[in-house]
Every structure is written in C-alpha cells, then in structure tokens.
Amino acid sequence: MSLFLPHWPIDRLRRRRGSATPDAVRLLVQFERGRQVVAARCLRAAERGVEPGMTLAHARALLGRGAVEVTPFEPERDAAGLEALARWTLRFAPIAAADPPDGLLLDVTGCERLYGSEKRLLEHVMRAVETLGLTVRAAVAPTTHCARALARFAPEGRLLIGETDLPRAVEPLPVSALDLDAEVEAALVEVGLDRIEQVLTLPREQLVLRFGEELLHRLDGLLGFADEPIDSVREQVCPRAERVFAGPVRQWEAVEQATRLLLGELAGELEQRGSGAVRLRMTFDPSEPEAGVHRESLHLSGPCRDVGHLWSLVRPRLERVDLGPGIERIELMALGTRPMPPAQTGWWQQEDARVDEPAIAQMVDQIQSRLGEASVLRPRLRDTHVPEAACTWEPVTHARSAAPVRPAHPPLPGSRPSVLLDPPESAEVTLLQPEGPILTLRWRGESRRIRAAIGPEQITGRWWLGHDPARPPPARDYYRVQDEQGRWLWLYRDGRRRWFVHGLWG
Amino acid sequence: MEIERHILVGRMRQQLQERIAAIEADRAIGAPASAAGFGERREPGGTTRRGPVEIGPGNDPDLTLARGFLHELVGLCDGPRGSRWQPPASLLVHLAARIGGSGAVVWVGRACWPAPWMLGEGGLLDRSLCVDPGRQIGTRLWATDLAVRSSAVAAVVADGTGLDMAGSRRLQLAAKAHRTLVLLARPPGEQSARSAAASRWRVEPEVTDRRRPSWRLRLLRAKGQQLPPEKQTWIAEFSDEADLVTFPAPLADRPPATAPRQRYA
C-alpha cells in the first residue's frame, strides 16, 4: 500500500501550531538565489494559481487581499515528521517506511484478514490518517512501485488494484510515474512519449539502447514483474520497568516499595543506554477492570536518571492513586529520553565554577510538578524601547534557550524603574501651565504634591507592527517624579494627553 | 600514584573546609567570641565581620548581609494610609548581587520580582529564576524552603508577608545549614512581628535634593551582633553606575553628602 500526502508540509504545520486565522491562505517559502520562493502552498492558494517555484511577490499578487500566513519551509522537519508518521502506521502493518517526498509505503501482505478485506483495510487506514488532519491519497497494488505510482498519479484518490487489472490501471499514467532521472524523462517527452502505454508499445531492446536499463527496471516494477523490499522503520522501544503482583495489593507500603524498586530498574536501563528521562509515565492497573486504569505523567526540565530525584517527583503523585479494589500491576515507562553525557562527579570539580545545572533542574522539576509549568520563569530583556515589551518572563522548560539576547542599546540603569506596573495605572495630574511643570498627582486614591520632575523622555511605539504607516502610534512622554515623601514614580502622558503611572522605584 | 595523591589532598581539603565552615557557622549566631560585641569581631582596618551584617572598612563603607542568615527588609508604604506596600526591590537586587559567586538567585512571590533591566548588577539576569507560588502562604514557604536547600542557589529573595515564627525559624535553619542568603520582604504592618530572622531593617523613602531615589535603612535588630549606633542607619541611593545602589553616608545624624556643584560652561 502506498499513501501520498499531497499537502504534507502545510498539514504538518497546521497540525503542530494550529492557526490563529483559520481562513488564512498558507504559504511555505524558502530562499533561492536571494529570492523568496514558494515551496509549498495550501489547496486554496493552488486554486488561485499559486504554484511552487513562484516568487513570494508573484504569489501575493495572485492572492490579492486577504490574510496570508507565510512560514519558512523546513524540509528536515518534514522528513522527520514523515518518519514519525511511518512509525505510527506500524499499527496497521508490520512493515512501513517513509517514502519521501511526502509519501508512506506499507507492506500489507496478509493484514487484510484482520480487517475482513483489502478494501476495508484501505478505508480504515485512510480514515485514521484523515482523522489526524492530513489530506491523503492511497492505493493498494501488487508491487510497491505500482502502488506508489497509482497513489501519486492516478486521477482517483483511493484505488484498489488486483494483478489482473494492473496493466489497465497503469497504462494511462504519465511517464513521470516511472520516477526516472529528469534527463531520461525529458528525453521521453521530447520524442512524444507522454504516457506509459505509449512506452509499452515500443520494443524493449530499443528502449534499453535509447534510454538505458533503468527504464526497463521501472517498467517491470510498475507492471508487477519485479518488486523491491521496503526498508521498514522500527518501533522505538521506550525504557520501561514493570511489576505484576500475584494478587490484588491494597497495602500502601507495598505499592510505594514496588514503585521505588521499579524506579531503580528504570534508572539502570537508562544508564545502560546513556540517556536520561524527560517524560515519565506511571500506569497502575487495578485488579478489577471496572475501576479503570490510573495513569500519571511527569515532565522533567532536563534529562535525569537519579533515583533520589525521580522518587521525590514520583512520591507525591502516588498519593493520587486510588487503591480501592487493589492494584495488580505497576508499570513505569520513560516515554521521552534524551542522551545524557556521563557527568564528572567528585572532588576535583571546581566549586562555584558555574551554576550547578542538575541541582537547578531538580529544584525546578519539584516546583513545576507541584505548581505547574508556568510557575518557574526566567527574566529576559528584549531589544526594544517599549518598556512593557522589553521586560518579559519566559517559562523554564527543557527546551532551554542557550544564551539570552542582550539589547544592543540597553537603557541607562537609573532611567528605568525597579517595578513596572502591568497594565499602567491611570492617574490625574495638575500642571502649572498647559505644558508646564507638574504640581500634584492623584493616584490610587491619594493626592501627592510633586517635589521634583525629570523629563520628558519620549518613547515612540513600534510603527512597523501592523499599524497604518500614515499614522504611527502616538509617542509617550515619560517623566520621573518625586513626591513630597521622597517616593519616585515613572509617569507618562499618552497621545490623548491622559496620564498613567507606569512604574516606581522601590 | 599521582591520581591517588590528588584524591587524598582533595579529601583533606574538603574536610578542612567543612570544619572551618562549621566553626564559622557556630560563631556567627549567639556564641560570644570576643569582647567587641556579641558574636562579633572587629578586624584590623575596621571591618566588622562574623555576624549577619558585614560592614566594609574605612571611609568608603558598604553594607553586606551575610550568607547563612535570614534577613528581613520591611518595605515601603504606599497607597492611602499605608493600605499598599512596595518591597524595596532595588536594595534586594543590590544585596543579592553583593554576595557574588555564580550560584542562582531565586525570587519567590510575584510581589518581589524585580524588572529584568534591574538585574545587570553581578550578572543576575542570567542566574535569576522567578517562582510564582500563588497566594497561599504555605505554598510560598514550601517553595522558599526548597530553593534555600538547593545546593545551586546562592540567594533567595522572597515575599515574607504573613510568615509566622515557625516558618521563619524553618527558613533560618535551612539558610544556616546550606549557607544561603535569604532576604525576606515584609509589609510595613509586620514591622514588629515575631520572627527568627538574624536581622531586620526598615526601609523608608528619603527626601533629598540629589534628584535620584534615596532610601533610609534603619536596623531594627541584629541577632547576636551589636553595631555602633552610627552604623545602624544608612542612606542608600539609586545609582547609574555598575552597582545599582550606593551608600553615600552611613551616618544617621548627618545629612547625606551634598550634591556635586553643577558646573556651567
């Protein structure tokens, strides 16, 4: 069986990221000789005449008004995703492989018995793939070459071909279905051989002399005289440890003890593989199936195989397990692993040489497992003058960003407050003259006289972000003011002459 | 052979360090070590050491709150009749940066998270972690305690609102055992709350003519340490230099140093 995913890069992206604007037209672009060129497009763009190889400007002109989402083309990620999808299809057939570009090959010999017939197997697979949100065309044929050609080039999107129908199904296909070198294909087209049936009318000896042996091999594959084996993907076996009890266990201590032992086994297996767990799943099977299987998942901020640390994360989760009718089986599985270089431990490590990453990761894991992933954040400075955009906090996840970005022109340390109010709080200000010095400030229900003011410092908004270029967002005038009690505040006046307190020095 | 010798020397060094650390920790709180003060020793050059509060020598003194202790800074009043308060963020950043090293600094509680552009001093931006434990005091205490006990953490700055005696004792013991600096920001209403902190400071805004934020730090108490009266009140000033905060004049009975005379060309 061959599956062909005509919009794989687009579908993959849509599946992974979702879409902020569902009705937007999606384009994937890559750089080619300094130009942005369309590499893939969604169905709606194809309807309006956008073709791969066009420049982005040309495509935009064809699409006219309306939302267009442009994303960089990532062939490596597409290939990796295809491999993962091939592993997923191992549930239908024992042999499956990615068939780049944008295809999958499955050896379904004998599998039809499980589903009743080949037709039902084909329908089942297509439905499952479509549930993933992917556009798919599929064909079942006696050989891989043939299935591949039919899935990609036959007018119908779903085909089931037996050996007797094979020549009839193959003959109307274009010569590109032979998957030949571009030169040979061009040579065939040059002499007017557009379709397979035209090639088949010629004597084989002449074909070899004119176009090479490869053409004959491909023709034989297509007609079912020769087949090629599929180099199947292998299922990734996660490190796991399991304990099955002789009968239902209701003692809390026994479950605790068994889980701890299993963690030790799992850590041993991880050590043999030279990796650490980043995702852990615990499964508790009750003795009575009606009670329902209890599952707990853990995410770690970095790879880990330290039993003590894992236990400190697992132990609180155990308390959620309902022992009710008794537990019969416990399974621990490291669903996600990452390579973990053997660490140099011991006395010659330089103390205080750098931040102790494993210890930090352990603390972060413990806090995140109790309070959620968004509970531990890292302060970050962005390279922008807009105060609320410059100060950000990003979650500490295992996909750790390397070096933080430093602003090229950081603000003077004294000119920015120690606490930024988000959102800014509105205030009332009395001025001596329309543009004159600030006299009083009323904020948070309290009126204060102003002793000193420094400013204005004008900060302009980001005019290049979506605003009308003819009318840039108004600038803000910032003042540092001191009230009579000596407290310093950061005030600003916006374009509509309203006043806000944006921060304070504490 | 060479490696074995290295191992031996390394072990001996470690044992020695541990013993010294243990002796120092015992001396720091409570144990009278000299006649100069309770648990305090004056060193040549005028440096005051071996206590929760360390003061640099000479005419350019600086204030350091020592590692292994719990320090409380009672924050600034804000809002009508003190209904709101503000942690002394600049001072917290400065004191956390002063202890040096490369250990992480953990900020527990949204109230005391500083704006990221404040964290330039001492490379704090790269080694800061901000923890949001929610509103419950129990969770906040648990997260603070966890951070204090981590071997990779050099300082913990936490929102200490509503912390009771038992909680503060737990933090003080953890700080002492792991040699971590713990700074607690507390609201003005809790100035007289019972606590096991080694030192407690009151921070108030100071009115000056130097056109930059200034604060008056008053030492309310320092356990096991007696400071001379002139070192119990400090004027701290927001600075444009590498250090976020400077202490232009450590004296209570004198106004801070006058502003430099402006020159006109």
Side-chain angles (χ1 to χ4, degrees), chain A residues 346-348 351-364 366-367 370-371 374-382 387 390-393 396 403-404 406-407 410-420 443-446 451-452 454 480 482-488 503-506, chain B residues 6-7 10-11 13-14 75-76 78-80 83-84 86-91 93 101-104 106-107 113-121 125-134 139 142-143 146-147 150-153 204-209 211-215 238-241 244:
Chain A
W347 52 272
W348 62 82
E351 278 177 45
D352 268 9
R354 56 185 191 83
V355 176
D356 187 357
E357 283 287 339
I360 286 283
Q362 288 190 4
M363 184 190 70
V364 171
Q366 280 182 318
I367 296 178
R370 177 163 166 181
L371 302 175
S375 60
V376 186
L377 306 169
R378 239 172 236 276
R380 283 279 175 264
L381 263 186
R382 292 238 195 91
C391 288
T392 55
W393 280 269
V396 180
R406 296 262 172 226
L412 279 178
S415 67
R416 294 287 179 267
S418 57
V419 178
L420 198 68
W443 173 57
R444 288 183 177 173
E446 191 188 15
R451 277 189 87 237
I454 303 172
R480 284 180 269 162
Q482 184 193 25
D483 70 7
E484 56 201 340
Q485 289 171 28
R487 293 175 291 199
W488 283 80
L504 34 93
W505 279 265
Chain B
H6 267 293
I7 293 175
R11 276 203 194 127
R13 202 187 69 184
Q14 196 181 354
L76 304 107
D78 206 350
S83 59
R84 300 179 77 150
Q86 207 60 53
S90 317
L91 278 163
V93 171
S102 62
V106 182
W107 309 79
W113 290 7
W117 48 49
M118 305 266 294
L119 297 174
E121 186 180 351
L125 190 62
D126 295 335
R127 50 197 185 99
S128 280
L129 283 175
C130 296
V131 177
D132 181 10
T139 319
W142 168 80
L146 193 73
S150 172
S151 61
V153 173
E204 285 162 323
E206 175 76 6
V207 181
T208 64
D209 290 327
R211 295 175 74 78
R212 56 180 56 171
S214 302
W215 302 276
F238 202 79
S239 151
D240 300 342
E241 309 297 323
L244 198 63

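Below, read A as the first sequence line, B as the second, and so on, with proteins coming before strands; counting in each chain starts at 1. Computed over heavy atoms, backbone and side chain alike; hydrogens, waters and symmetry mates excluded.
The two residues A:V419 and B:A89 come nearest to each other via the heavy atoms CG2-CB, 4.2 Å. In terms of heavy atoms, A:I454 sits closest to B:R211 at CG1-NH2, 3.4 Å. In terms of heavy atoms, A:A359 sits closest to B:A152 at CB-CB, 3.6 Å. B:W117 and A:P417 make their closest contact through NE1-O, 2.8 Å (heavy atoms, listed as atom of the first residue, atom of the second, distance). Here the shortest heavy-atom pairing between A:M363 and B:V153 reads SD-CG2, 3.9 Å. Heavy atoms only, all atoms of each residue included: B:P116 and A:T392 are closest at CG-O, 4.0 Å.
Across B:T139, B:L91, B:V106, the residue that shares the most heavy-atom pairs under 4.5 angstrom with chain A is B:T139. For chain B, the option among A:A390, A:G503, A:P387, A:P379 with the highest count of heavy-atom pairs below 4.5 Å is A:P379.
Neither the backbone nor the side chain of B:W107 comes within contact range of chain A; no heavy atoms are under 4.5 Å apart. Contact of A:Q362 with chain B is not made at all, since no heavy-atom distance falls under 4.5 Å. Heavy atoms closer than 4.5 Å to chain A are found in the backbone of B:P87, but not in its side chain. With a 4.5 angstrom heavy-atom cutoff, B:L129 touches chain A via backbone and side-chain atoms both. Both the backbone and the side chain of B:S128 come within contact range of chain A, with heavy atoms under 4.5 Å apart.
Under the 4.5 Å side-chain criterion, counting only non-hydrogen atoms from C-beta, B:V93 is not in contact with A:S418. Between B:D209 and A:R451, the closest side-chain pair of non-hydrogen atoms falls below 4.5 Å.
Partners of A:Q366 according to the side-chain contact (heavy atoms from CB on, under 4.5 Å) rule, which considers only residues two or more places apart in sequence or in another chain, are A:H309, A:S312, A:L313, B:L146. Partners of A:S375 according to the side-chain contact (heavy atoms from CB on, under 4.5 Å) rule, which considers only residues two or more places apart in sequence or in another chain, are A:I367, A:Q368, A:L371.
Distance check: B:Q86 CD to A:W505 CH2 gives 12.5 Å after rounding to the nearest 0.5 Å. Atom CE of B:M118 sits about 13.0 Å away from atom CZ of A:R416, to the nearest 0.5 Å.
Taking the six-membered ring where tryptophan is involved, the planes of B:W113 and A:W393 are tilted, since the angle between them lies from 30° to 60°.
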